[in-house]
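The next block holds one structure in the form of structure tokens; read it before the comments.
Throughout, numbering of the chain's residues begins at 1 and tracks the sequence.
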Amino acid sequence: MRLEKCWFCSSTIYPGHGIQFVRNDAKIFRFCRSKCHKNFKMKRNPRKVKWTKAYRSLHGKDMTKDSTFEFERKRNRPERYDRNMTEQTLKAIPLITKIRHERLKKHITDRHKPGKKKELERDNKELEQDINMLPKKLISNEAAEKTKVKVKVKVVQQQTEDRMEE
């Protein structure tokens, strides 16, 4: 069973699905659905359409460079597998998907960090500008908390004669 990729959005096309367009120069374009086919006919660039894989990878939304993608690459010639190799491959698939999901989570959190930092800075700036809008009680409590000084006190325990006898 051969799984093809959509020319426009790069999604998987299963056998019996999708549309094929053959140009005059015998170049074959495969599309997963009519939406992709229509966008192709309108001469839209997949790198400029936000829902395509090309746009997401170009703008850093998706993880594009990772060693786990090597397992999905297209192989044009069939490879011979013996039973042991097939068994090892099937055991490795869940491990690889787990690794991929962990890396994807890390990629997403790294992608969100600058936005969260900017949002925090913007909120702090807004608070500084509009501090006079807060009730006086809140402002005095915040100031009191900031000005509280912790003093270290050395405690010496004196042993009584009763404790020493015991």
Below 3.5 Å, can you tabulate the donor-acceptor pairs from side chains in residues 21-31 to any protein atom, sequence neighbours excluded?
unit_1 : atom_1 : unit_2 : atom_2 : d
Arg23  : NE     : Asp25  : OD1    : 3.1
Arg23  : NH2    : Asp25  : OD2    : 3.2
Asp25  : OD1    : Lys27  : N      : 3.3

What's the separation between atom [atom1] in [X] and atom [atom2] in [Y], rounded to the nearest 0.5 Å?
X      : Y     : atom1 : atom2 : value
Leu104 : Thr97 : CG    : OG1   : 12.0 Å
His59  : Lys48 : NE2   : NZ    : 10.0 Å
Arg100 : Leu95 : CZ    : CG    : 11.5 Å

For [X], side chain to side chain contact (heavy atoms under 4.5 Å, CB included) partners two or more places apart:
X      : result
Asp82  : Asn84, Met85
Thr12  : Leu3, Lys5, Tyr14
Pro114 : none

Worksheet entry | For the student: nearest non-hydrogen atoms of Cys32 and Cys6, plus distance |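 Here Cys32 and Cys6 meet closest at N-SG, 3.4 Å.
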Worksheet item: Where do Cys9 and Lys53 come nearest, in terms of heavy atoms and distance?
Response: O-CB, 3.3 Å
Worksheet item: Hydrophobic cluster mates of Ile93, side-chain heavy atoms under 4.5 angstrom, ILVMFWY only, any path?
Response: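 Listed partners: Leu90.
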Worksheet entry | Fellow cluster residues of Tyr55, listed by chain then number, with links counted only when side-chain atoms sit under 4.5 Å apart |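 Grouped by the 4.5 Å side-chain rule, Tyr55 forms a cluster of one, so the answer is none.
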Discussion item. If hydrophobic clusters are built by linking Ile, Leu, Val, Met, Phe, Trp and Tyr wherever their side-chain heavy atoms come under 4.5 Å apart, do Phe8 and Leu58 end up in the same one?
Written reply: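 Result: no, two separate clusters.
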Worksheet item: Does the side-chain contact (heavy atoms from CB on, under 4.5 Å) test come out yes or no for Thr52 and Arg56, once each step is laid out?
Response: CA-CA 6 Å; Thr52 62; Arg56 293 185 61 79; over 6 Å; no
Could you note down all residue pairs passing salt bridge (charged side-chain N to carboxylate O under 4.0 Å, His left out) where [range] supplies at least one of them, sequence neighbours left out?
range            : value
residues 10-22   : none
residues 85-97   : Glu87-Lys91
residues 106-121 : Lys106-Asp110, Asp110-Lys113

Scan the side chains in residues 35-47 for donor-acceptor partners under 3.5 Å anywhere in the protein, sequence neighbours excluded, and list what turns up.
unit_1 : atom_1 : unit_2 : atom_2 : d
Asn39  : OD1    : Arg44  : NH1    : 2.6
Asn39  : ND2    : Lys35  : O      : 2.8
Asn45  : OD1    : Arg47  : N      : 3.1
Asn45  : OD1    : Arg47  : NE     : 3.4

